[in-house]
Amino acid sequence: MKNTLLFTFLLLISFSAKAQDISGQWNGILKLPGAQIRLVANLVKTDGGYSGTLDSPDQGAKGIPVNAVAFENSNLKLAMASLNAEYTAVLGADNTFKGTFKQNGMTFPLDLSRKVIEKVRVVRPQEPVKPYPYYSEDVKFDNTKDKISLAGTLTLPAKEGNYPAVILITGSGPQDRDEAIMDHKPFLVLADHLTRNGIAVLRYDDRGTAQSTGDFNAATSKELASDVESAVAYLKTRKEINARKIGLVGHSEGGLIAPMVAADSKDIAFIVLLAGPGLPGDEILTRQRRLIGRANGISDGDLDKTEEMNKEIYSVLKQQSSLTETKAKLKVIFEENHNKAPVEQQLPAEQREAVISQMINSVATPWYQFFITYDPTLALEKVQCPVLALNGEKDLQVPPKEDLEGIKRALEKGGNKNVTVKELPGLNHLFQECTTGSPAEYGKIEQTFSPTALVEISDWVKNIAK
């Protein structure tokens with residue numbers, strides 16, 4: 001699934017300082033491969049030194065703690081145990097900290113200054129600019145079952161008429177209606193293309209994200225499927241929509257959710273799976289980590305060790321024990337694997353507990369537990385409407401060959417006679433034309449969505465919905 005590389009930070013900092021007063025706001029941009037993240041450190045002087053918080057405006061993140069910081073003779077060092085990371089910098093005469101952020105052996109430049117910093121606007125030539133040559137309306141609809149309100153955008157080829165429609169379903173993680181990632185807005189580009197080709201499009205902010213209410217972190221793919229069902233119900237109330245021609249287009253995890261909805265609903269006329277999983281979640285993640293790890297230069301030996309640990313983790317999560325019991329078992333696994341590591345790779349005792357706790361909390365969640373245990377073929381076997389399944393040849397997050405084979409096999413087993421499966425040459429998980437397929441490339445690529453892939457989708461939908 002989407003391999004989210006962006007960091008979430010925040011500090012509860014204790015400083016020891018002997019000279020300059022560094023209390024106040026400090027601003028910087030963390031330059032990651034293919035992305036930039038603005039950071040704002042808010043420091044407050046205390047009796048023992050300093051305390052503070054770090055905000056990440058681009059991620060909507062506030063108040064994420066860091067634990068050990070030293071400031072002496074213009075040298076600053078932040079040790080962030082929960083991230084297995086550290087920041088070191090020197091305060092210069094220009095009142096700017098010039099330094100580096102290091103995490104898991106990777107180093108990135110990060111300078112902090114008093115000046116508010118704006119990110120450089122990245123050129124994305126496919127992104128449409130208003131006024132659009134079609135009708136666009138911001139809308140809201142309710143998931144009455146879960147008592148939440150979902151906010152989105154409905155685009156129509158023209159204000160008056162009766163059109164086939166698609167609902168766009170985002171990939172994993174809290175996503176807005178444009179599925180924004182690394183300065184790209186793939187769903188905005190896709191919606192624009194489809195609407196220009198005579199197809200109405202509804203895209204919406206995930207629950208608990210942007211203008212939608214609800215708690216995303218408490219939801220599994222099953223709950224997110226109920227949001228899609230609510231979107232279908234809403235479209236059926238619109239006179240501009242042909243209720244017999246409503247389809248679903250799901251990307252990544254959205255390609256898992258679409259069959260869940262279509263398997264149980266007669267209202268779905270067709271579905272498009274964009275890098276949707278055709279294998280159980282634990283298999284997807286295992287293959288994904290190995291492919292991305294190799295692309296990042298990690299040795300097969302280290303990848304083998306990680307895979308063995310992950311198998312232990314998945315085994316615990318599949319036991320469906322209480323959260324307390326699950327966390328206790330996971331703690332044993334993480335501690336044993338930490339202690340097996342070479343001494344130079346082991347964490348200091350004062351950092352170990354915080355790091356292990358963070359790792360446990362990242363996997364002991366309803367979503368993660370559901371995803372690794374869910375077999376998408378069970379829903380695919382029940383889908384009887386036409387299906388288009390596309391994967392990029394260089395997708396490292398959802399391996400195309402095994403994935404498409406799994407999807408096709410399940411659909412055919414269920415007797416579906418209208419199945420189109422294609423592996424598109426040279427495209428990555430976001431359906432960009434790429435070099436390696438690594439997520440590190442996503443933000444560096446100017447293209448948001450391959451024109452070839454856009455035409456494949458629109459031509460197929462127009463043919464099915466005619």
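Without hydrogens or angle criteria, Asn416 side chain to Cys385 main chain gives a donor-acceptor distance under 3.5 Å. Using modelled atom types, no side-chain atom of Thr153 and backbone atom of Arg203 make a donor-acceptor pair closer than 3.5 Å. A donor-acceptor pair is defined here as one N or O able to donate and one able to accept, closer than 3.5 Å; no such pair exists between the side chain of Ser226 and the backbone of Lys222. Asn337 places a side-chain N or O within donor-acceptor distance of the main-chain N or O of Ile333, the cut-off being under 3.5 Å. Between the Thr326 side chain and the Ser322 main chain, a donor and an acceptor come within less than 3.5 Å of each other. Checked by atom type and distance alone, the side chain of Glu381 never pairs as donor or acceptor with a backbone atom of Ala410 at under 3.5 Å. Under the 3.5 Å distance criterion, the side-chain polar atoms of Asp205 are matched with a main-chain donor or acceptor of Gln211. Checking side-chain atoms of Asn242 against main-chain N and O of Tyr163 turns up no donor-acceptor pair under 3.5 Å. The backbone N or O of Pro174 sits nowhere less than 3.5 Å from a side-chain atom of Thr209 that would complete a donor-acceptor pair. Judged by distance alone, the side chain of His429 and the main-chain N or O of Tyr442 form no donor-acceptor pair under 3.5 Å.
Between Pro259 and Val383 the shortest heavy-atom distance is O-CG2, 3.8 Å. Residues Ala225 and Ile257 share a closest heavy-atom pair of CA-CG2, 3.6 Å. Scanning both residues, Pro164 and Ala465, for their nearest heavy atoms gives CB-CB, 3.7 Å. The two atoms that bring Leu154 and Val139 nearest to each other are CB-CG1, 4.1 Å, heavy atoms only. Here the closest non-hydrogen pair linking Val201 and Ala191 is CG1-CB, 3.7 Å. Contact between Tyr374 and Ala379 at its shortest, heavy atoms only, is OH-CB, 3.4 Å.
With values rounded to the nearest 0.5 angstrom, Lys185 atom NZ is found 13.0 Å from Glu179 atom CD. Taking CG from Leu235 and CZ from Arg238, the interatomic distance works out to 8.5 Å, rounded to the nearest 0.5 Å. Going from atom CG of Leu285 over to atom CD of Gln397 covers 10.0 Å, rounded to the nearest 0.5 Å. The CZ atom of Phe449 sits 5.0 Å away from atom CG of Leu454, with the distance rounded to the nearest 0.5 Å. Note: Asp142 CG to Lys147 NZ = 12.0 Å, rounded to the nearest 0.5 Å. Separation of atoms CG (Leu404) and CG (Leu279) is listed at 9.5 Å; rounding is to 0.5 Å.
Residues Val419 and Ile407 form no side-chain contact, since every pair of their non-hydrogen atoms from C-beta on lies 4.5 Å or further apart. Between Leu190 and His251, the closest side-chain pair of non-hydrogen atoms is not below 4.5 Å. Residues Leu273 and Val398 fail the side-chain proximity criterion, which asks for heavy atoms closer than 4.5 Å. For the pair Leu390/Phe431, a side-chain contact is recorded, criterion being any heavy-atom separation below 4.5 Å from C-beta on. At least one side-chain heavy atom of Ile241 sits under 4.5 Å from a side-chain heavy atom of Ile246. Side-chain contact between Thr365 and Asn217: absent, with no pair of heavy atoms (C-beta onward) separated by less than 4.5 Å.
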After noting the C-alpha distance and the side-chain angles of Gln319 and Ser315, does the key distance pass the side-chain contact (heavy atoms from CB on, under 4.5 Å) rule?
CA-CA 7 Å; Gln319 292 171 18; Ser315 176; 4.1 Å; yes

Which is it for Ser221 and Glu253 under the side-chain hydrogen bond (donor to acceptor under 3.5 Å, both in side chains) test, yes or no, and what are the steps along the way?
CA-CA 8 Å; Ser221 303; Glu253 185 192 359; 2.5 Å; yes

Pair Asp300, Arg294 - check salt bridge (charged side-chain N to carboxylate O under 4.0 Å, His left out), show working.
CA-CA 7 Å; Asp300 282 340; Arg294 283 175 178 166; 3.1 Å; yes

For Glu229 and Ser265: C-alpha separation, side-chain torsions, deciding distance, then whether side-chain contact (heavy atoms from CB on, under 4.5 Å) applies.
CA-CA 9 Å; Glu229 292 167 353; Ser265 174; over 6 Å; no

Test log, rule side-chain contact (heavy atoms from CB on, under 4.5 Å), inputs Glu160 and Tyr135
CA-CA 9 Å; Glu160 301 297 331; Tyr135 178 73; over 6 Å; no

Could you please spell out the steps behind the salt bridge (charged side-chain N to carboxylate O under 4.0 Å, His left out) verdict for Lys331 and Glu353?
CA-CA 10 Å; Lys331 185 175 183 180; Glu353 188 71 23; 3.1 Å; yes

May I have the step-by-step check of side-chain contact (heavy atoms from CB on, under 4.5 Å) for Arg207 and Leu224, ending in yes or no?
CA-CA 8 Å; Arg207 61 168 66 191; Leu224 297 178; 3.9 Å; yes

Check the pair Glu433 / Lys394 against salt bridge (charged side-chain N to carboxylate O under 4.0 Å, His left out), numbers first and verdict last.
CA-CA 9 Å; Glu433 296 168 11; Lys394 294 186 177 181; over 6 Å; no

Test log, rule salt bridge (charged side-chain N to carboxylate O under 4.0 Å, His left out), inputs Arg290 and Glu307:
CA-CA 8 Å; Arg290 185 165 288 274; Glu307 187 172 320; 2.9 Å; yes

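For the residue pair Asn391 / Lys401, no side-chain donor-acceptor distance below 3.5 Å is found, with atom types taken as modelled. Between Glu441 and Thr436, the side chains place a donor N or O and an acceptor N or O closer than 3.5 Å (distance only, hydrogens not considered). Defined by atom type and a distance below 3.5 Å, a donor-acceptor pair is present between the side-chain atoms of Thr377 and Asp375. Side-chain contact, Thr448 with Glu127: no donor N or O sits under 3.5 Å from an acceptor N or O. One side chain, Glu223 or Thr220, offers a donor N or O that lies under 3.5 Å from an acceptor on the other.
The environment of Lys159 atom NZ is sparse: at most 12 non-hydrogen atoms of other residues, nucleotides or ligands sit within 6.0 angstrom. By the 6.0 Å contact criterion, NZ on Lys462 is enclosed, its count of non-hydrogen atoms from other residues, nucleotides or ligands being greater than 12.
The salt bridge (Lys or Arg N to Asp or Glu O under 4.0 Å) contacts involving residues 256-282 comprise Lys236-Asp267, Asp282-Lys318, where partners must be two or more places apart or lie in separate chains.
In this structure, Tyr314 and Tyr368 have tilted ring planes: the angle between them lies in the 30° to 60° band.
Of the candidates Leu188, Asp192, Thr195, Leu194, Thr155 forms a side-chain contact (heavy atoms from CB on, under 4.5 Å) with just one, namely Thr195. The one candidate from Asp459, Thr420, Asn418, Ile464 that meets the side-chain contact (heavy atoms from CB on, under 4.5 Å) condition with Leu388 is Thr420.
Considering only residues two or more places apart in sequence or on other chains, Lys340 meets the salt bridge (charged side-chain N to carboxylate O under 4.0 Å, His left out) condition with none of them.
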